[in-house]
Amino acid sequence: MNLTLRIWRQPGPDAPGALTTYQVGGISPDMSFLEMLDTLNEELILRGEEPVAFDHDCREGICGACGMVINGRAHGPERTTTCQLHMRHFEDGDTIDVEPWRSAAFPVVRDLVVDRSAFDRIIGSGGYITAPTGSAPEAHATPVPKETADLAFEHAECIGCGACVAACPNGSAMLFTAAKVVHLNLLPQGAPERGSRVRGMVAAMDAEGFGGCTNTGECATACPKGIPLSGISVLNREYLRSLR
């Protein structure tokens with residue numbers, strides 16, 4: 001496959017950026033999108049040019065580090081992470097635009113790399129549980145209904161990639177925050193901090209400058225782990241409950 005890539009290049013957070021065009025050839029349809037970028041970077045290095053900076057880690061769809069906007073869609077044309085997106089979903093001769101997440105709360109560090117530490121601060125404001133010291137409790141000492149456990153684990157699948165923010169017209173982080181609140185608040189281990197957790201996380205989310213949620217649903221559509229939009233309704237109920 002021969003491709004034309006238009007990639008956002010920005011040397012630093014305070015420097016201007018622009019789309020730069022590259023030609024890349026010899027791409028196998030079985031390559032992942034990141035492997036295709038690796039091929040481009042090898043060619044750039046051999047030519048003495050600066051390689052494209054992009055975030056990645058596990059390359060197994062687990063860590064959520066590899067987020068980027070591909071042809072206007074978070075993670076590209078398939079509902080998966082960028083590292084699990086394969087080049088067979090593109091055609092020979094295609095022109096592909098590659099940009100970083102666009103959000104005031106995710107400032108660009110360099111090229112396709114953004115600072116997502118705003119998510120860390122949201123988690124730090126309430127993503128913990130009271131852990132009593134002493135020996136570990138017996139596994140079945142605290143029974144949890146299966147329906148509750150299934151719903152909690154469904155939301156616990158969130159990997160914090162930021163696709164929900166990138167896809168949202170308002171740059172909202174409600175789906176991410178809902179996932180973190182729901183999976184802890186539903187379980188008995190998270191009960192002691194139930195009220196303070198939701199208030200703290202919502203306050204932290206607002207302080208980071210994320211936009212408001214208008215329930216357009218783009219966040220859930222883009223989420224590679226299928227976090228349901230209904231989690232936002234649960235978050236809202238938990239927040240109102242905490243104010244009583």
Side-chain angles (χ1 to χ4, degrees), residues 5-22 32-38 40-41 44 50-85 96-125 127 157-180 201 204-213 216 218-225 227:
L5 304 176
R6 300 200 310 161
I7 300 178
W8 185 262
R9 302 303 307 265
Q10 185 172 340
D14 299 318
L19 289 171
T20 303
T21 301
Y22 300 99
S32 72
F33 199 87
L34 297 190
E35 289 172 329
M36 181 274 293
L37 291 179
D38 289 338
L40 170 65
N41 278 345
L44 293 177
E50 196 69 27
V52 177
F54 61 92
D55 242 337
H56 62 99
D57 190 3
C58 71
R59 298 201 177 200
E60 294 179 348
I62 298 171
C63 71
C66 59
M68 58 189 74
V69 175
I70 302 168
N71 285 343
R73 296 180 63 179
H75 292 306
E78 295 294 307
R79 190 176 182 178
T80 186
T81 54
T82 304
C83 63
Q84 296 296 295
L85 176 67
I96 305 174
D97 290 346
V98 190
E99 302 171 85
W101 288 162
R102 299 294 188 183
S103 170
F106 290 160
V108 173
V109 176
R110 182 176 176 181
D111 296 341
L112 305 176
V113 180
V114 300
D115 180 0
R116 293 178 298 170
S117 58
F119 273 5
D120 297 330
R121 290 186 287 274
I122 292 174
I123 294 174
S125 68
E157 289 189 63
C158 172
I159 57 176
C161 66
C164 52
V165 176
C168 177
N170 305 323
S172 173
M174 280 288 279
L175 190 69
F176 167 81
T177 306
K180 300 306 175 184
M201 284 189 162
M205 176 184 67
D206 290 342
E208 294 295 339
F210 290 104
C213 174
T216 60
E218 293 297 323
C219 54
T221 300
C223 177
K225 297 302 178 181
I227 305 300

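Note that the structure is predicted; figures quoted are calculated from it, not measured.
For the atom pair L37 CG and I7 CD1, the distance stands at 5.5 Å (nearest 0.5 Å). Distance CE/M205 to CZ/F119: 10.5 Å, rounded to 0.5 Å. Between the CG atom in L112 and the CZ atom in F54 there is a gap of 8.5 Å [rounded to 0.5 Å]. If you take CZ on R79 and SG on C223, they are separated by 6.5 Å, rounding to the nearest 0.5 Å. The distance from atom CZ of F33 to atom CD of E78, rounded to the nearest 0.5 Å, is 13.0 Å. For the atom pair CZ of F210 and SG of C164, the computed distance is 8.0 Å after rounding to the nearest 0.5 Å.
Contact of the V165 side chain with the W101 side chain is not registered, since no non-hydrogen atoms from C-beta on lie closer than 4.5 Å. A heavy-atom distance below 4.5 Å is found between the side chains of L19 and E99. Within the 4.5 Å cutoff, no side-chain heavy atoms of D111 are placed close to those of M68. At a threshold of 4.5 Å between non-hydrogen side-chain atoms, the residues C66 and Q84 do not count as touching. Looking at C158 and K180, their side chains come closer than 4.5 Å, going by heavy atoms from C-beta outward. Counting heavy atoms from C-beta on, the side chains of L44 and E50 never come closer than 4.5 Å. Contact check for P224 versus T82: no side-chain heavy atoms found under the 4.5 Å cut-off. You'll find the side chain of I159 reaches within 4.5 Å of the side chain of T81, heavy atoms only.
Considering every non-hydrogen atom in both M201 and T177, the closest pair reads CB-CG2, 3.9 Å. Heavy atoms only, all atoms of each residue included: A179 and I227 are closest at CB-CG2, 4.1 Å. Heavy atoms only, all atoms of each residue included: P13 and V109 are closest at CD-O, 3.4 Å. Closest non-hydrogen pair, C83 versus G61, comes out as SG-N, 3.3 Å.
For the residue pair S172 and N170, no side-chain donor N or O sits within less than 3.5 Å of a side-chain acceptor on the partner. In the model, R121 has no side-chain atom that pairs as donor or acceptor with a side-chain atom of S125 under 3.5 Å.
Remark: the backbone N or O of G171 is not paired with any side-chain donor or acceptor of S103 at under 3.5 angstrom. For the pair D115 (side chain) and F106 (backbone), a donor-acceptor distance under 3.5 Å is absent. In this structure, the side chain of S117 does not engage the main chain of D120 through any donor-acceptor pair within 3.5 Å.
For E218, the salt bridge (charged side-chain N to carboxylate O under 4.0 Å, His left out) criterion is met by no residue, not counting sequence neighbours.
The environment of CZ in R6 is sparse: at most 12 heavy-atom neighbours from other residues, nucleotides or ligands sit within 6.0 Å.
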Would you check, one step at a time, whether the test side-chain contact (heavy atoms from CB on, under 4.5 Å) holds for T80 with H75? CA-CA 7 Å; T80 186; H75 292 306; 5.8 Å; no
Verdict with supporting geometry, C168 and M174, side-chain contact (heavy atoms from CB on, under 4.5 Å): CA-CA 10 Å; C168 177; M174 280 288 279; over 6 Å; no
With side-chain contact (heavy atoms from CB on, under 4.5 Å) as the test, would you mind laying out the steps for R102 and W8 before giving the verdict? CA-CA 12 Å; R102 299 294 188 183; W8 185 262; 3.3 Å; yes
